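Note that the structure is predicted; figures quoted are calculated from it, not measured.
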Amino acid sequence: DIRGHDVLYAMEFYLWYACDEEETDERAEECRRPTNATATPVVKNISVRNVELHGATRDVGIIEGLPESPFQNLVLENIHVDHAHKGWKCQKFEP
């Protein structure tokens with residue numbers, strides 16, 4: 001059970017590396033290199049239940065895995081968030 005108020009995001013599951021695909025600097029080039037599959041994290045089989053949050057100043061939540069390793073089997077049950085600025089932002093996950 002989780003309770004809270006006045007948060008930036010109610011819930012955040014975020015693995016995405018900070019790279020803009022349109023950037024041309026060295027850091028962006030590094031981000032586009034092939035990944036090391038043995039070092040890539042795998043996040044799966046997570047359950048979050050009974051959450052009540054009031055006043056998310058941004059999105060209700062973010063779920064963003066990696067293109068080469070999306071979140072798998074993330075279960076959210078009985079989640080209540082009020083007064084959020086936006087809804088969920090979800091990318092790179094598998095139900």
Side-chain angles (χ1 to χ4, degrees):
D1 294 351
I2 299 172
R3 308 248 185 281
H5 59 86
D6 300 329
V7 296
L8 187 60
Y9 299 102
M11 302 182 77
E12 185 174 11
F13 299 92
Y14 190 80
L15 290 178
W16 186 246
Y17 25 77
C19 289
D20 185 342
E21 293 178 7
E22 297 178 12
E23 288 185 41
T24 58
D25 64 10
E26 288 181 33
R27 176 72 179 120
E29 183 60 34
E30 182 179 315
C31 289
R32 286 191 282 273
R33 290 183 189 152
T35 61
N36 178 348
T38 61
T40 301
V42 175
V43 180
K44 61 183 179 178
N45 302 326
I46 296 175
S47 296
V48 179
R49 294 181 179 90
N50 305 321
V51 176
E52 184 177 328
L53 298 167
H54 305 281
T57 58
R58 285 199 170 176
D59 302 315
V60 169
I62 296 174
I63 300 171
E64 189 161 358
L66 298 171
E68 67 275 13
S69 183
F71 286 107
Q72 299 173 27
N73 195 28
L74 175 61
V75 177
L76 306 175
E77 292 181 13
N78 195 26
I79 309 295
H80 298 277
V81 179
D82 64 14
H83 305 308
H85 182 68
K86 294 182 181 179
W88 288 91
K89 177 183 174 184
C90 303
Q91 298 182 64
K92 299 162 200 73
F93 72 98
E94 296 176 355

Practice problem: Examine Val42 and Ile46 and state if one hydrophobic cluster contains both, with Ile, Leu, Val, Met, Phe, Trp and Tyr joined whenever side-chain heavy atoms are less than 4.5 Å apart. | Solution: no
Pairs under 3.5 angstrom only: tabulate donor-acceptor contacts from the side chains of residues 47-55 to other protein residues two or more places apart or in another chain.
unit_1: Arg49; atom_1: NE; unit_2: Glu77; atom_2: OE1; d: 3.2
unit_1: Asn50; atom_1: OD1; unit_2: Asn78; atom_2: ND2; d: 2.7
unit_1: Asn50; atom_1: ND2; unit_2: Asp1; atom_2: OD1; d: 3.0
unit_1: Glu52; atom_1: OE2; unit_2: His54; atom_2: NE2; d: 3.1
unit_1: His54; atom_1: ND1; unit_2: Asp82; atom_2: OD1; d: 3.1
unit_1: His54; atom_1: ND1; unit_2: Asp82; atom_2: OD2; d: 2.8

Quiz item: From Leu76 CG over to Ile63 CD1, what is the distance, rounded to the nearest 0.5 angstrom?
Solution: 5.0 Å
Quiz item: Sequence neighbours excluded, which residues qualify as side chain to side chain contact (heavy atoms under 4.5 Å, CB included) partners of Glu12?
Solution: Tyr9, Tyr14, Ile62
Quiz item: For the residue pair Met11 and Trp88, what are the closest heavy atoms and their distance?
Solution: SD-CH2, 3.8 Å
Self-check item: Heavy-atom closest contact (Ser69 atom, Pro41 atom, distance)
Solution: OG-O, 2.6 Å
Practice problem: Apply side chain to side chain contact (heavy atoms under 4.5 Å, CB included) to Val43 and Phe13, showing your working. | Solution: CA-CA 10 Å; Val43 180; Phe13 299 92; over 6 Å; no
